[in-house]
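To start, the structure under review is shown below, and the notes come after it.
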2 protein chains.
Amino acid sequence: MPPTLADVAERAGVSRQTVSNAINNPDLLRPQTLERVQAAIQELGYRPNRAARHLRTRASHLIGLRLPPAQEFTANAAMDRFVHALVEASREAGYHLLLFSGGPGKPETTAEDLVRGYDDLLRSTAVDAFIVTDTYLGNPQTRWLSERHAPFVAFGRPWEDPDETHPWVDVDGAAGVELATQHLLDRGHERIAWIGWAETSFIGQDRRAGWERAMAAAGRPTDGLAVRVADTVDAGREAADVLLDSVRPSAIVCASDTQAVGVLHSLAARGLHPGRDVAVVGFDDSQVAQVVPGGLTSVRQPLEQVAIELVRALEALLAREPYDARGVLLVPTLAVRGSSG
Amino acid sequence: MPPTLADVAERAGVSRQTVSNAINNPDLLRPQTLERVQAAIQELGYRPNRAARHLRTRASHLIGLRLPPAQEFTANAAMDRFVHALVEASREAGYHLLLFSGGPGKPETTAEDLVRGYDDLLRSTAVDAFIVTDTYLGNPQTRWLSERHAPFVAFGRPWEDPDETHPWVDVDGAAGVELATQHLLDRGHERIAWIGWAETSFIGQDRRAGWERAMAAAGRPTDGLAVRVADTVDAGREAADVLLDSVRPSAIVCASDTQAVGVLHSLAARGLHPGRDVAVVGFDDSQVAQVVPGGLTSVRQPLEQVAIELVRALEALLAREPYDARGVLLVPTLAVRGSSG
DNA sequence: GTGAAAGCGCTAACAT
DNA sequence: ATGTTAGCGCTTTCAC
């Protein structure tokens, strides 16, 4: 049974309140007393009981994070790195991460299932705030949380609803793809194709805009060079097949590593060599991009920085500090590997 | 501000304790009263305050999990799938996962750093128990927790110390590799090489034993066919180079997908075709194995089942139920892809 | 079957 | 600068 405030107080020869002050308002104590109390804390290995502190202060020092199901048969592995970065950033701010999942195990059925995890934690005052990760099209999480005045910050811009007033942190996908496209232009490529997602995807449109921007700046036409397909390996492969059989690009930029891997499949089937015959660039710097034979050049999101900014925003939010920067946009980098030369 | 027991009691026209009973001991109430209370709970959207309940019952319904740093430039991605499986399994048992990290950010320096996260959570009674994931050589976590009588279950056998009495769940790596080797034997391979880890790794030795077992059962010699190297892509590539230049195996089984990808590198550099010229099998069924062009045959750990068993053991432990099965050993499966024919 | 009283460990407000 | 009092929301005796 861990020691309590009373145990420390007795040992130090002071009252419980003085021990509490020694922890939360050390400047209130006379140095001599403070030292004595700290010695007692040290000797007993005392740590404040979190439940009691939580009950009293109404702060759990817990941040809720919904963990979306791990996607297999894709190269979308950003979550792993992100969660770890978040654990680190939270720890430095004195917070822990509380994980929960969406609906009843299987695929996210209704919007209610998706929101149930948030609702439970909110009503039971289990967490101080949430970090929301999927802000893409049709996701009701942010609006639902806003309506309920639940404290949260989002990884991802409020694409659908620019009037949303919650703090957010995002990565500038357009800038990342522009970087990738410029990299290919610099290497002498002229016909650079784009494989992206459906038009309804804001993130997909954003990333595509980077390609368009770089191509326009270089005075290169883009007609027939863009395809919109699903975010799967097979879709990427099929899209590459179509492009290679028609417009014959010398380089292909993709909205994701998953699609880029599909392109690698297509090249392999044709006996073409990535980087030598056709350059390929992906997005997310997944483990797959890092270790696939030859290496896949990819846009890397600064997830560690994203985590730090998210926690910073959260601290400001919970402290009700004026947080002027409503949104923070971070710039990705490019990890250059064999697939681009 | 969420409603409290008192609010529900007032609305239902009963006392607070009756509401508490309605939640925790429904059979104590007369059906009519119970119904009225439940209606009030429903109408108010009442959820017990977790901090208060925790303080009173000394049960946080939180499970602590240390998240080891995500390894980049490897194919070791089992953690992602495992954490998600654990969140699901915990949820069904009424628990949430609390994430923490090891030392002060950077590489795990001392053993004390590693243990500090556990210590903090334990002393502050933040979690009811831990799930420990790295039980490999030289890891002090389990012994430290045992000494402190901290409730925990381990994913991984107590290799070093078979006298350890904590519950554990593990995957039979030897059986998995045996499965893989048998699969290759069935396809007509005779010279099947092994690329594994250092002799000091219990897990590595276990997996290797599966290869030895299958080879012995088939009456195949193994001389010169085994290599011990680090768990990196480069080490796997170099080991494959050595093997292909010497004993010329027709198939290579690896202790990890990371090493197996290294083998793929070696084959690619030699213009050899995985599966046609040389068969390759990895371990972990990582995203890399799943999407790499051609596909990498790999041993797949039943992580969802592992998570379920871990939580089951934890429940028994916390309920002080007699949990006779000290350890549970689960059998992996083989995901067959192009690299093995 | 239901209600009254006590207390988990802590901190905020006040008194000294 | 330190001690006293009260109460956060819940469950656990123990009366009735």
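Note on naming: letters A, B, ... go to the chains in the order of the sequence lines (proteins, then strands), and numbering restarts at 1 for each one.
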Taking 4.0 Å as the cut-off, does a side-chain nitrogen or oxygen of [X] come that near to OP1 or OP2 on [N]?
X       : N      : answer
B:Ser15 : C:dA4  : no
A:Thr18 : D:dG3  : yes
A:Asn49 : C:dC10 : no
B:Thr57 : D:dT11 : no
A:Ser20 : C:dA12 : no

Open item on the list: Rounded to whole Å, please give me the gap between CG in A:Leu55 and C1' in D:dA6.
Closed with: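 Between C1' of D:dA6 and CG of A:Leu55: 13 Å.
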- [ ] Would you mind reading off the distance between B:Leu5 atom CG and C:dT2 atom C1', rounded to a whole angstrom?
- [x] 15 Å
Task: Salt-bridge present (B:Asp134, B:Arg66; N to O < 4.0 Å) - done: yes
Open item on the list: Reading DNA chain C from 5' onward, which residue's closest nucleotide shows up sooner: B:Leu29 or B:Arg56?
Closed with: B:Leu29
Task: Upstream residue (5' side of DNA chain C) when A:Gln17 and A:Met1 are each assigned their closest nucleotide - done: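 Closest to the 5' end, via its nearest nucleotide, is A:Met1.
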Task: First encountered from the 5' end of DNA chain D, between B:Ile23 and A:Arg16 - done: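 That would be A:Arg16.
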TODO: Would you tell me whether B:Gln17 and B:Ser15 have side-chain atoms, one donor and one acceptor, within less than 3.5 Å of each other?
DONE: yes
- [ ] Mind checking B:Arg58 for me? I need base, sugar-phosphate or nothing, with any heavy atom below 4.0 Å counting as a touch.
- [x]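 Answer is sugar-phosphate: B:Arg58 comes under 4.0 Å of backbone atoms only.
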Task: Stepwise salt bridge (Lys or Arg N to Asp or Glu O under 4.0 Å) check, B:Glu315 with B:Arg312 - done: CA-CA 5 Å; B:Glu315 285 185 283; B:Arg312 184 173 299 165; over 6 Å; no
Open item on the list: In the structure I gave you, are the side-chain heavy atoms of A:Leu318 and A:Pro151 within less than 4.5 Å of one another anywhere?
Closed with: yes
